[in-house]
Amino acid sequence: MNKKVRVRFAPSPTGGLHLGGVRTVLYNYLFAKKNNGDFIVRIEDTDQSRYVAGAEEYIFDCLKWCGLEPDESVQHGGNFGPYRQSERKDIYKKYAEELIKKGFAYYAFDTPEELERMREDFKSENNPSPQYDNTIRDKMINSLTLSENEVARFIGEGMPYVIRIKVPQNETISFTDMIRGEVQFDSSLVDDKVLLKADGMPTYHLAVVVDDYLMEITHAFRGEEWLPSAPVHILLWKYLFGIENMPQWAHFPLILGPNGKLSKRDGSKYGFPVFAMNWTDPKTGELTEGFKEKGFIPEGFINLLALLGWNDGTEKEVFSLEELIESFSMDRVHSGGAHFDYDKAKWFNHEWIKRSKVSKLRSAIKDLLEKNDLPITDTSMLDKVIALVQERCTLLSDFVDQASFFFKTPEEIDTASIVPKWNDQKQQFFRELIRTYKLTTIWNAHETENALKEIAAVHQLKPGELMLPLRIMLVGGKFGPGVFDIAEIIGKEETILRITNGLKKLSA
RNA sequence: GGCCCGUUCGUCUAAGGGCUAGGACACCACCCUUUCACGGUGGUGAUACGGGUUCGAAUCCCGUACGGGCUACCA
């Protein structure tokens, strides 16, 4: 009874990894770790027509960036492989045929054109999308309507066929969802889903049940969009492996965009990412920006996803991955869909940038600055800069504006903000400030500030009138941390140079 | 159309029958700050509607409305 907890994330490698996908990974991961279980990633690539080069590797890159490493997968190995369904093709056919022998499935020879015609013929106002179900199947070409000889002959002649589940009539199919409680379906309304396609590959419905069984999955979590096909899967469990062996299910609510279902389009439309990392469609070359490249850090990204549909019942909102593992429980996952709020997402990221150790941020920021033509040679200076400005950076990209001027003398400065109150007296003051700074031997924020105040007093100027000009000379604009902290970090020579430059620009 | 899921401030949510419906984001005001942020204080703002059950309902039940998902040889 005390089986080891095993959960799986089963993505189809067809493109970018969506917000909702990462949250599904996260909840799987948290549940597994909370219960000392294993987290498995299984690649569901049974639709060969949807193969996209690089998509599988991309998914693993995203998981790695998020810090959600699987225990078993194509890349991580394990004793339940292969972990790619296309490599398990032979396994599924056996089970499909077992179902036929038991009378729970049948061969169907209808061509795509015939199916299309069926949908046209039976279409009505009351039933705009007819299904291949118990009311239709005896009007179609399948092993229920054909004689045994005909079936054997068709197969012998190599006629393409699929295997469909034969869904019973008038049964109530129900299960207990860990989030929603009891959910019921009327079997008469469930259609005869294809289990094995004409190319010999299973559909999701067969593969998920077979693999969850063979991989000893104990808890199966997926998005709410799968709820309507649950009765098919329950039937399959009953027919193949016994309902008592079925994993416990939970269907996560959907993540919605500002107007309904969140789509890739919403990203470009509303200016926020939808994918975890940059994704370039290999066919069209179209790039879709990811949270990573937008400037999110993994801690922030994970935190915002975790709280989109779950909370621990207290007012705590900022959680590390370790804290999430500790606090997570499936019954506190919401049943209603959640709208994604980019402002709140940024707030989470800001919280994590603020509280991150400099050493954690260093490498990403160094890369970023260097991409912006700012070679960093002095890492200890970079560390000081990061510590000084991190609280005013919401996204990693904010470090470009907040940190650049430490490493590069401003070329343009906001003289317009100085000029209106500029006069000869102030000019004289700054000349003397330069002379004094040149003679200063101990260079730190305290000393430079004192020097300024003393000289200001001599010139009968208020320090307040001088701070803004000095800031603009050093920084270029009206932003950044304390001016004297900046002076201390950029050093004596550079400070004097920038004041000198500033005076030149003001007298020009 | 049918089936399924859902519905508390604009958004994410707390409150598992008892009451000033709490917090966070965003927004506004003030304080702090010799810039910008951080931080602090306060404010605007919600139980979709209608019936029940109950001494008492955001909470339980029914209906309506609204939103979402599914309805492929895609996952």
Side-chain angles (χ1 to χ4, degrees), chain A residues 10-14 44-47 49-50 85 108 110-112 115-116 119 123-133 160-164 177 179-180 183-186 188-191 193-205 207-208 222-231 251 253-254 256 258 260-261 304 307-318 334-348 350 354 389-394 398 401-402 414 417 449 452-453 462-468 470-472 475 477-483:
Chain A
S12 180
T14 53
E44 309 228 331
D45 57 347
T46 53
D47 186 355
S49 68
R50 292 213 301 166
Q85 287 183 332
D110 317 278
T111 64
L115 289 174
E116 187 54 40
R119 289 193 188 101
K123 196 166 164 179
S124 69
E125 196 142 309
N126 285 340
N127 186 9
S129 42
Q131 306 189 100
Y132 202 120
D133 60 15
Y161 65 87
V162 300
I163 294 179
R164 287 180 181 270
D177 187 280
I179 296 170
R180 287 152 215 279
V183 183
Q184 290 194 349
F185 302 86
D186 176 356
S188 299
L189 272 7
V190 176
D191 63 322
K193 287 261 185 285
V194 170
L195 301 177
L196 201 73
K197 300 186 264 191
D199 64 1
M201 278 288 191
T203 59
Y204 171 84
H205 307 293
V208 73
R222 52 176 16 171
E224 188 183 348
E225 70 270 25
W226 289 108
L227 209 39
S229 57
H251 291 85
L254 265 15
L256 308 166
K261 195 185 181 186
L304 77 90
L307 275 279
L308 205 55
W310 171 88
N311 72 86
D312 76 342
T314 73
E315 284 173 3
K316 180 170 166 142
E317 293 198 274
V318 178
H334 252 250
S335 44
H339 290 91
F340 175 68
D341 179 357
Y342 189 47
D343 282 323
K344 185 86 184 238
K346 285 193 288 192
W347 176 80
F348 277 112
H350 192 190
K354 277 193 291 184
V389 304
Q390 68 188 130
E391 70 184 17
R392 56 197 77 207
C393 295
T394 298
D398 294 332
D401 282 343
Q402 292 293 337
D414 178 16
S417 295
E449 180 169 3
L452 179 135
K453 282 180 176 165
K462 287 183 207 149
E465 301 177 76
L466 304 162
M467 300 295 285
L468 188 67
L470 179 59
R471 162 174 300 280
I472 289 175
V475 175
K478 288 190 276 189
F479 64 96
V483 247

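Source: prediction; values computed, not measured.
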Would you classify [X] as touching base, sugar-phosphate or nothing, given that sugar-phosphate means primed atoms plus P, OP1 and OP2, and contacts are heavy atoms under 4.0 Å?
X	result
A:F185	sugar-phosphate
A:K123	nothing
A:Q184	sugar-phosphate
A:R180	sugar-phosphate
A:V208	nothing

Rounded to whole Å, how long is the line connecting atom [atom1] of [X] with atom [atom2] of [N]?
X	N	atom1	atom2	answer
A:L256	B:G6	CG	C1'	10 Å
A:Y342	B:G10	OH	C1'	19 Å
A:D343	B:C25	CG	P	11 Å
A:E224	B:G68	CD	P	12 Å
A:R222	B:C70	CZ	P	13 Å
A:K478	B:A37	NZ	P	11 Å
A:H251	B:C70	NE2	P	13 Å
A:E449	B:U34	CD	P	9 Å

Same-atom distance ([atom1]) from [N] to [M], integer angstrom:
N	M	atom1	value
B:A46	B:U8	P	14 Å
B:G23	B:G45	P	14 Å
B:G6	B:G43	P	36 Å
B:A21	B:U64	P	31 Å
B:U44	B:C30	C1'	15 Å
B:U11	B:A29	C1'	22 Å
B:A37	B:C27	P	11 Å
B:C19	B:C55	C1'	14 Å

Contacts of [X] that satisfy side-chain hydrogen bond (donor to acceptor under 3.5 Å, both in side chains) - sequence neighbours left out:
X	answer
A:K123	none
A:S49	A:D47
A:D398	none

Minimum heavy-atom separation for [X] and [Y], please, with both atom names.
X	Y	value
A:H251	A:I179	O-CD1, 3.7 Å
A:P231	A:L227	CD-O, 3.8 Å
A:V190	A:D133	O-CB, 4.0 Å

Contacts of type ring pair (Phe, Tyr, Trp, His ring centres under 6.0 Å), residue A:H205, not counting sequence neighbours:
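A:H205 satisfies ring pair (Phe, Tyr, Trp, His ring centres under 6.0 Å) with A:H233 only.
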
For [N], the Watson-Crick or wobble partner whose two distances fall under 3.5 Å:
N	answer
B:C70	B:G2
B:G10	B:C25
B:C30	B:G40

Could you check whether any side-chain N or O of [X] sits under 3.5 Å from a backbone N or O of [Y], counting only pairs where one atom can act as donor and the other as acceptor?
X	Y	value
A:T394	A:K346	no
A:H350	A:E391	yes
A:R471	A:P481	yes

State the syn/anti category of B:C38 according to its glycosidic angle, syn meaning within 90° of 0.
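That one's syn.
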
Residue pairs, two or more places apart or on separate chains, that pass side-chain hydrogen bond (donor to acceptor under 3.5 Å, both in side chains) and touch residues 308-318 of chain A:
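Applying side-chain hydrogen bond (donor to acceptor under 3.5 Å, both in side chains) to every pair that reaches into residues 308-318 of chain A, excluding sequence neighbours, yields A:N311-A:R332, A:D312-A:T314, A:K316-A:E323, A:E317-A:K344.
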
Below 3.5 Å between N/O atoms, which protein atoms pair up with nucleotides 38-40 of chain B? Just atom names and distances, please.
residue: B:C38; atom: O3'; partner: A:K354; partner atom: NZ; Å: 3.1
residue: B:G39; atom: OP1; partner: A:K354; partner atom: NZ; Å: 2.8

Going by heavy atoms in the side chains, are A:L304 and A:Y342 under 4.5 Å from each other?
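Of all side-chain heavy-atom pairs linking A:Y342 with A:L304, none is under 4.5 Å.
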
Derivation and outcome, side-chain contact (heavy atoms from CB on, under 4.5 Å), residues A:D110 and A:Y132
CA-CA 11 Å; A:D110 317 278; A:Y132 202 120; 2.6 Å; yes

Identify the pairs formed between an N or O of the protein and an N or O of nucleotides 72-75 of chain B at a distance under 3.5 Å, and give each distance.
residue: B:C73; atom: OP2; partner: A:R164; partner atom: NH2; Å: 3.2
residue: B:C73; atom: O2; partner: A:A198; partner atom: N; Å: 2.7
residue: B:C73; atom: N4; partner: A:D110; partner atom: O; Å: 3.0
residue: B:C74; atom: OP2; partner: A:K197; partner atom: NZ; Å: 3.1
residue: B:C74; atom: O2'; partner: A:D47; partner atom: OD2; Å: 3.3
residue: B:C74; atom: O2'; partner: A:R50; partner atom: NE; Å: 3.2
residue: B:C74; atom: O2'; partner: A:R50; partner atom: NH2; Å: 3.0
residue: B:A75; atom: OP1; partner: A:T46; partner atom: OG1; Å: 2.8
residue: B:A75; atom: OP1; partner: A:K197; partner atom: NZ; Å: 2.8
residue: B:A75; atom: OP2; partner: A:Y204; partner atom: N; Å: 3.2
residue: B:A75; atom: O4'; partner: A:R50; partner atom: NH2; Å: 3.4
residue: B:A75; atom: O3'; partner: A:E44; partner atom: OE1; Å: 3.2

I want to confirm an ordering. Mapping A:N126 and A:L468 to their closest nucleotides on RNA chain B, which one lands closer to the 5' end?
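Going by which nucleotide is closer to the 5' end, it is A:N126.
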
Who passes salt bridge (charged side-chain N to carboxylate O under 4.0 Å, His left out) against [X], sequence neighbours left out?
X	value
A:D191	A:K193
A:R119	none
A:R180	A:E224

Nearest of B:U34, B:G23, B:C5 to any side-chain atom of A:E315?
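Within the option list, the nearest is B:G23.
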
Show the distances under 3.5 angstrom between N or O atoms of the protein and N or O atoms of nucleotides 12-14 of chain B.
residue: B:C12; atom: OP1; partner: A:H339; partner atom: N; Å: 2.8
residue: B:C12; atom: OP1; partner: A:H339; partner atom: ND1; Å: 3.0
residue: B:C12; atom: O2'; partner: A:L307; partner atom: O; Å: 3.1
residue: B:U13; atom: OP1; partner: A:G309; partner atom: N; Å: 3.0
residue: B:U13; atom: O3'; partner: A:N311; partner atom: ND2; Å: 2.8
residue: B:U13; atom: O3'; partner: A:H334; partner atom: NE2; Å: 3.0
residue: B:A14; atom: OP1; partner: A:N311; partner atom: ND2; Å: 2.9
residue: B:A14; atom: OP1; partner: A:H334; partner atom: NE2; Å: 3.3
residue: B:A14; atom: OP2; partner: A:H334; partner atom: NE2; Å: 2.7

Quick test: give all pairs of protein nitrogen or oxygen and nucleotides 29-31 of chain B nitrogen or oxygen below 3.5 Å, distance rounded to 0.1 Å.
none

